[in-house]
Undergrad: 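One structure, as structure tokens, below. Some questions next.
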Amino acid sequence: MAMKLVARGVSYAYVPGQLVLHGVDLTVERGDLVFLLGANGSGKTTLLECLCGIRSPIEGEVLLGEQRLSALPPRERAKWVAYVPQFAETAFAYTVEEMVLFGRAPHVGPFGQPSRADLEKALHALDLVGLDGLRGRPMNALSGGEKRLVLIARALAQEAPFLLLDEPDAHLDPANQHRVLSVIRALVKEGLGVVATTHNPNSALLYGDEAVLLRAGKVLARGQPSCALTAEALAEAYGIPFRVLWDGQGPPAVLPRTDSP
């Protein structure tokens with residue numbers, strides 16, 4: 001049986017009695033690219049953090065295959081699920097190469113040192129995101145977009161079968177957005193399972209296999225992006241009108257309507 005990452009009836013609350021996720025179901029298989037969309041506060045990041053084990057649901061469960069994710073030790077969990085948060089700052093001036101090499105930590109013993117093979121995997125991940133020329137630069141000398149690319153490279157170096165990305169297309173120019181999402185799309189075709197949050201419906205329409213639209217912690221719509229991300233569903237999720245543009249070829253695009261009050 002193919003390995004799956006499954007959220008089954010997941011609910012979560014930061015404050016008792018105030019749920020931010022309400023019984024959410026989600027199944028991610030290897031070879032899937034699933035986008036989570038919804039307004040700020042709709043539960044996207046919280047769901048990602050439950051899927052990677054940072055947070056434990058107050059109801060429901062997250063399964064890796066037939067096993068509860070929470071039953072796995074953190075090091076073992078990290079061999080299966082990699083997570084790139086929206087913001088990640090470090091107090092130390094690590095180089096780009098050192099930061100990406102940290103992605104190999106689950107595969108190195110507690111008192112071991114990264115091997116030459118680990119370094120090669122880290123450098124390959126840097127090459128995939130187009131930053132191989134910055135390997136010696138300190139992290140604190142990078143732009144915001146470059147830092148995001150480094151964190152994505154670190155997750156790729158981790159070589160986990162499932163990758164969770166919180167807004168991988170944020171703070172990137174269009175060329176780097178396309179580069180990162182194209183790399184992820186190619187890795188998905190090779191068997192990686194990916195869940196990514198985004199505020200750009202067009203990222204899901206261009207690159208995704210499935211879109212899940214959240215509203216106030218509940219699933220409002222799900223399915224193939226072109227079916228789930230209708231103008232009506234997006235308007236309900238974000239509270240503004242949208243229009244769908246399609247020329248009959250390729251995926252559609254969605255834009256906020258500007259011809260309404």
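Hydrogens, waters and symmetry mates are skipped; everything else that's a heavy atom, side chains included, is used.
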Undergrad: Partners of D118 by salt bridge (charged side-chain N to carboxylate O under 4.0 Å, His left out), sequence neighbours excluded?
TA: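 D118: salt bridge (charged side-chain N to carboxylate O under 4.0 Å, His left out) contacts with R104.
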Undergrad: Only pairs at least two apart or in different chains count here, so list each ring-ring contact (aromatic ring centres under 6.0 Å, His included) that has a residue in residues 13-70.
TA: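 For residues 13-70, and leaving out neighbouring residues, the ring-ring contact (aromatic ring centres under 6.0 Å, His included) pairs sorted by first residue read Y12-Y14.
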Undergrad: Counting N and O atoms only, with roles assigned by atom type, does the side chain of R154 sit under 3.5 Å from a partner on the main chain of A122, one being a donor and the other an acceptor?
TA: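 No; judged by distance alone, with no hydrogens or angles, the pair does not exist.
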Undergrad: Can you name the closest pair of heavy atoms from L37 and A211 and give their distance?
TA: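 Shortest heavy-atom separation between L37 and A211 comes out as CD1-CB, 4.1 Å.
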Undergrad: Tell me whether Q224 at atom CD has more than 12 heavy atoms from other residues, nucleotides or ligands lying less than 6.0 Å away.
TA: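 It does not: Q224 CD has 12 such atoms or fewer within range.
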Undergrad: What pairs with S143 under side chain to side chain donor-acceptor pair (under 3.5 Å), at least two apart in sequence or on another chain?
TA: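 Side chain to side chain donor-acceptor pair (under 3.5 Å) check on S143 returns E146.
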Undergrad: Please check if V6 and L192 belong to a single hydrophobic cluster, counting links between Ile, Leu, Val, Met, Phe, Trp and Tyr side chain heavy atoms closer than 4.5 Å.
TA: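 No: no chain of side-chain contacts under 4.5 Å links V6 to L192.
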Undergrad: Does E59 have any salt bridge (charged side-chain N to carboxylate O under 4.0 Å, His left out) partners at least two apart in sequence or in another chain, and if so, which?
TA: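 Checked E59 against salt bridge (charged side-chain N to carboxylate O under 4.0 Å, His left out); zero matches.
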Undergrad: State whether the number of non-hydrogen atoms from other residues, nucleotides or ligands found under 6.0 Å of R215 atom CZ is greater than 12.
TA: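 Count not over threshold, so no.
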Undergrad: With side-chain contact (heavy atoms from CB on, under 4.5 Å) as the criterion, how do L213 and Y238 come out once you've worked through the C-alpha distance, each side chain's angles and the decisive distance to 0.1 Å?
TA: CA-CA 10 Å; L213 188 59; Y238 292 100; 4.3 Å; yes
Undergrad: Check whether any side-chain heavy atom of K4 lies under 4.5 Å from a side-chain heavy atom of L63, and answer yes or no.
TA: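 No, side chains not in contact.
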Undergrad: With clusters defined by side-chain heavy atoms of hydrophobic residues (ILVMFWY) lying less than 4.5 Å apart, directly or transitively, does I58 cluster with V24?
TA: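 Not linked; separate clusters.
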Undergrad: Could you pull out the closest heavy-atom pair between P256 and I240, with the gap in Å?
TA: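 In this case the closest contact between P256 and I240 is CB-CD1, 4.0 Å.
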Undergrad: Hey, does the side chain of R257 reach the backbone of P241 with a donor-acceptor pair shorter than 3.5 angstrom?
TA: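 Not a single qualifying donor-acceptor pair exists.
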Undergrad: To the nearest 0.5 Å, what is the distance between CG on L255 and CZ on R243?
TA: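 Reported value, rounded in 0.5 Å steps: 7.5 Å.
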Undergrad: List for me each residue that meets salt bridge (charged side-chain N to carboxylate O under 4.0 Å, His left out) alongside R68, sequence neighbours excluded, and say none if there are none.
TA: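 Testing R68 for salt bridge (charged side-chain N to carboxylate O under 4.0 Å, His left out), a comparison that skips the adjacent residues, returns E61.
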Undergrad: Can you find a heavy atom in the side chain of V96 that is under 4.5 Å from one in the side chain of M139?
TA: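 Yes; the side chains approach each other to less than 4.5 Å.
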Undergrad: Show me the pairs that pass salt bridge (Lys or Arg N to Asp or Glu O under 4.0 Å) and involve residues 131-145, at least two apart or across chains.
TA: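 Found E97-R135.
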Undergrad: Quick one: list whatever passes side chain to side chain donor-acceptor pair (under 3.5 Å) with H178, sequence neighbours left out.
TA: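 S182, Y207.
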Undergrad: Applying salt bridge (charged side-chain N to carboxylate O under 4.0 Å, His left out), can you list everything that pairs with D209, at least two apart in sequence or on another chain?
TA: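 R185.
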Undergrad: With sequence neighbours left out, what residues match N40 under side chain to side chain contact (heavy atoms under 4.5 Å, CB included)?
TA: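 For N40, the residues satisfying side chain to side chain contact (heavy atoms under 4.5 Å, CB included) (neighbours in sequence not counted) are H199.
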Undergrad: Using a 3.5 Å distance criterion without hydrogens, assess whether the side chain of Q158 forms a donor-acceptor pair with backbone atoms of A78.
TA: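 Side chain of Q158 to backbone of A78, a donor-acceptor pair under 3.5 Å: yes, one is there.
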Undergrad: Please report the closest heavy-atom contact between A155 and A82, naming both atoms and the distance.
TA: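 Closest pair (atom of A155, atom of A82, distance): O-CB, 4.0 Å.
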Undergrad: Hydrophobic cluster membership, with links at side-chain heavy-atom distances under 4.5 Å among I/L/V/M/F/W/Y: are V10 and L19 in one?
TA: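 Cluster IDs for V10 and L19 differ.
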Undergrad: Apply side-chain contact (heavy atoms from CB on, under 4.5 Å) to L51 and F162, showing your working.
TA: CA-CA 10 Å; L51 286 171; F162 295 98; over 6 Å; no
Undergrad: In Å and rounded to the nearest 0.5 Å, what is the CG to CG distance from L123 to L131?
TA: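 Output value for this atom pair is 12.0 Å.
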Undergrad: For the pair R30 (side chain) and G191 (backbone), establish whether a donor and an acceptor sit closer than 3.5 Å, ignoring hydrogens and angles.
TA: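 It does hold such a pair.
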Undergrad: Quick one: CG on L163 to CG on L187, what's the gap to the nearest 0.5 Å?
TA: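 Here the rounded value is 8.5 Å.
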Undergrad: Begin with the C-alpha distance, continue with both residues' side-chain angles, and end with the deciding distance and a verdict on side-chain contact (heavy atoms from CB on, under 4.5 Å) for L206 and L181.
TA: CA-CA 9 Å; L206 282 170; L181 294 176; over 6 Å; no
Undergrad: Say you draw a straight line from CE of M99 to NZ of K147; how long is it, rounded to the nearest 0.5 Å?
TA: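 Spacing of CE (M99) from NZ (K147) equals 9.5 Å.
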Undergrad: Which one of D166, L164, L165 satisfies the side-chain contact (heavy atoms from CB on, under 4.5 Å) criterion with P168?
TA: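 Filter result, single survivor: L165.
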Undergrad: Taking the hydrophobic residues Ile, Leu, Val, Met, Phe, Trp and Tyr, and joining any pair whose side-chain heavy atoms are under 4.5 Å apart, which ones share a cluster with L101?
TA: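 So far as hydrophobic clustering goes, L101 is joined with none.
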Undergrad: Evaluate side-chain contact (heavy atoms from CB on, under 4.5 Å) for V129 paired with L156, printing each intermediate quantity in order.
TA: CA-CA 10 Å; V129 300; L156 294 177; 4.3 Å; yes
Undergrad: Say whether, by atom type as modelled, one donor and one acceptor occur between the side chain of T197 and the main chain of L36 under 3.5 angstrom.
TA: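 Side chain of T197 to backbone of L36: no pair is present.
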Undergrad: Measuring from atom CD of E236 to atom CZ of F242, what distance do you get when rounded to the nearest 0.5 angstrom?
TA: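 Reported value, rounded in 0.5 Å steps: 12.5 Å.
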Undergrad: Can you see which heavy atom on I152 is nearest to which on V84, and at what distance?
TA: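 Looking at all heavy atoms of both residues, the shortest contact is CA-CG2, 4.1 Å.
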Undergrad: For the side chain of D32 and the backbone of V34, is there at least one donor-acceptor N/O pair under 3.5 Å apart?
TA: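 Answer holds: no.
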Undergrad: Can you pull the salt bridge (Lys or Arg N to Asp or Glu O under 4.0 Å) pairs that have at least one residue in residues 35-47, sequence neighbours excluded?
TA: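 Applying salt bridge (Lys or Arg N to Asp or Glu O under 4.0 Å) to every pair that reaches into residues 35-47, excluding sequence neighbours, yields nothing.
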Undergrad: Run the side chain to side chain contact (heavy atoms under 4.5 Å, CB included) test against R222 and tell me which residues pass, sequence neighbours left out.
TA: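 Residues passing side chain to side chain contact (heavy atoms under 4.5 Å, CB included) with R222: D25, L26, E210, V212, V219.
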Undergrad: Please find the pair of heavy atoms, one from A157 and one from K121, that lie closest to each other, and give the distance.
TA: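 Minimum heavy-atom contact is CB-O, 4.3 Å.
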Undergrad: Just verifying a value: how many Å separate L21 CG and K218 NZ, rounded to the nearest 0.5 Å?
TA: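 Atom-to-atom, L21:CG and K218:NZ are 11.5 Å apart.
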Undergrad: Between the main-chain N or O of L205 and the side-chain N or O of N202, is there a donor-acceptor pair closer than 3.5 Å?
TA: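 Answer holds: no.
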